> 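Got a structure here, written out as structure tokens. Questions coming.
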Amino acid sequence: MSALLWVDGFFAELRDSLAGALRDEAHRLSFTLGFAAEPGVPWSAVFSNEITLAAPALFAEAMPSAPESAVRHALCAHALAVVEAMGRDRIEDRQVHATPAMERVLAAVRTMRNERLALLGGGPAAARIAEGADRELSDAIDLERDLIDGGLAVDFGTYGAVSERKQSPGLVATTILAERAGWEDGLREVARRALLDAALGLQIYDDVLDWETDATRGGAWALSLARSTLRAGPRGFGTTPAEQRAEVHASGVLARMLRRARYHFRSAARRAAALGAARVSAWAEERARALEDLAVRESRHAGYVNRAHTLAAWARAVFVTKA
């Protein structure tokens, strides 16, 4: 069975452990959190890459001594942690309104995650590590909101530090699996850094694609990063979408963000290759090459990446509808 089908099985197990309206809420979760276009879409169909939900299974390629049961526990804990963290981010970012039923389902997700981490071999300490990562995420979300709400200027160093903290929940299960496989501290740190680099590459790319939508909700990293390089006019920075778009394009910040994402993917590829995680390395290297091309095009034609993404989404919708 593929890792992503296992992931769907874990969420089905979670759903079936609940009753009544909560079971329905769990079934609809990918939709109500805004990751799917309709209710009931399985989590395996939500993301365009395998590493987001199935990282432990991919890194397990380099861990032949890890028991299959441990890999499955790590995979379950990781997928649950990522979904809960991304859902929490969307709730705190005001993209999603959290209902009491949704909050109870997310609480059940955290409980099941902690149970699987304990079974993985971390015992009660694993749950404490995961809960500490949850606090890192929550603090980072609060800091992010304080920094970019209203379009405050922010430098790349701050952006990187906040982004790293937001990835904390998604690093726990793979690191504990590496310990279970007998890896020394140094190798575990390489695995953690490889996964962090992959997550940061994905996060930065999303921040590029979504910046205009984010700005309409009060703030976007691209806008705040742009304003750290620009001088405000007599009336301050722009307030309309057209003025903000002009600021971002004039700053060249989108190309810089794409190159930063490319750097993280290339770093992930090198680290994964050193560990023997060949699939992770090949995927990350492919992403790095694609982003290098996008960064060049964005440098030459400001706004290229957003126009290309919008056009691709339109084409998919039109041709799928016609088909």
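Note: hydrogens, waters and symmetry copies are ignored here, and every other heavy atom, side chains too, is used. Everything numeric here is computed off the predicted structure, so don't read it as measured data.
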> Where do Y205 and A261 come nearest, in terms of heavy atoms and distance?
N-CB, 4.4 Å
> Looking at R23, R116, R72, which hits salt bridge (Lys or Arg N to Asp or Glu O under 4.0 Å) with E13?
R116
> For residues 149-156, tabulate all N or O donor-acceptor pairs below 3.5 Å that involve a side-chain atom, not counting sequence neighbours.
from : atom 1 : to   : atom 2 : distance (Å)
D149 : OD2    : R94  : NH2    : 3.4
D155 : OD1    : G157 : N      : 3.0
D155 : OD1    : T158 : N      : 2.7
D155 : OD1    : T158 : OG1    : 3.1

> Quick check: are there more than 12 heavy atoms from other residues, nucleotides or ligands sitting under 6.0 Å from CZ of R193?
yes
> Please say whether the positively charged group of R260, taken as NZ for Lys or CZ for Arg, lies over the ring of Y159, i.e. under 6.0 angstrom from the six-membered ring centre and within 45 degrees of the axis.
no
> Answer yes or no: is there an ion pair linking E103 with R88, defined by an N-O contact shorter than 4.0 Å?
yes
> Going by atom type alone, with no hydrogens or angles, which donor-acceptor pairs under 3.5 Å involve a side-chain atom of residues 61-71 and a protein atom two or more places apart or on another chain?
from : atom 1 : to   : atom 2 : distance (Å)
E61  : OE1    : A278 : N      : 3.0
E61  : OE1    : R279 : N      : 3.2
S65  : OG     : A181 : O      : 2.8

> Does L202 reach the side chain of F265, with side-chain heavy atoms less than 4.5 Å apart?
yes
> Please determine whether a side-chain nitrogen of the Lys or Arg among D134 and R113 lies less than 4.0 Å from a carboxylate oxygen of the Asp or Glu.
yes
> Report yes or no: does N114 contribute a side-chain atom to a donor-acceptor pair with the main-chain N or O of A126 at less than 3.5 Å?
no
> Could you tell me whether D93 and R90 make a salt bridge, using a distance below 4.0 angstrom between a side-chain N and a carboxylate O?
no
> Between F35 and F47, what is the ring plane arrangement, given parallel below 30°, perpendicular above 60°, and tilted in between?
tilted
> Decide yes or no on side-chain hydrogen bond (donor to acceptor under 3.5 Å, both in side chains) for N49 and T52, but give the supporting numbers first.
CA-CA 6 Å; N49 64 84; T52 297; 2.9 Å; yes
> Search all heavy atoms of L80 against all heavy atoms of M112 and return the closest pair with its distance.
CD1-CG, 3.6 Å
> Salt bridge between R289 and E286, side-chain N to carboxylate O under 4.0 Å?
no
> May I ask you to decide if A302's main-chain N or O and R307's side chain share a donor-acceptor pair within less than 3.5 Å?
yes
> Say you draw a straight line from OG of S251 to CG of L230; how long is it, rounded to the nearest 0.5 Å?
5.5 Å
> Check L177 against A60 and note the closest heavy-atom contact, atom names and distance.
CD2-CB, 4.4 Å
> Apply side-chain hydrogen bond (donor to acceptor under 3.5 Å, both in side chains) to E92 and list each qualifying residue two or more places apart in sequence or on a separate chain.
R145
> Taking all atoms of both residues into account, what is the closest heavy-atom pair of M102 and I91, and its distance?
SD-CD1, 3.9 Å
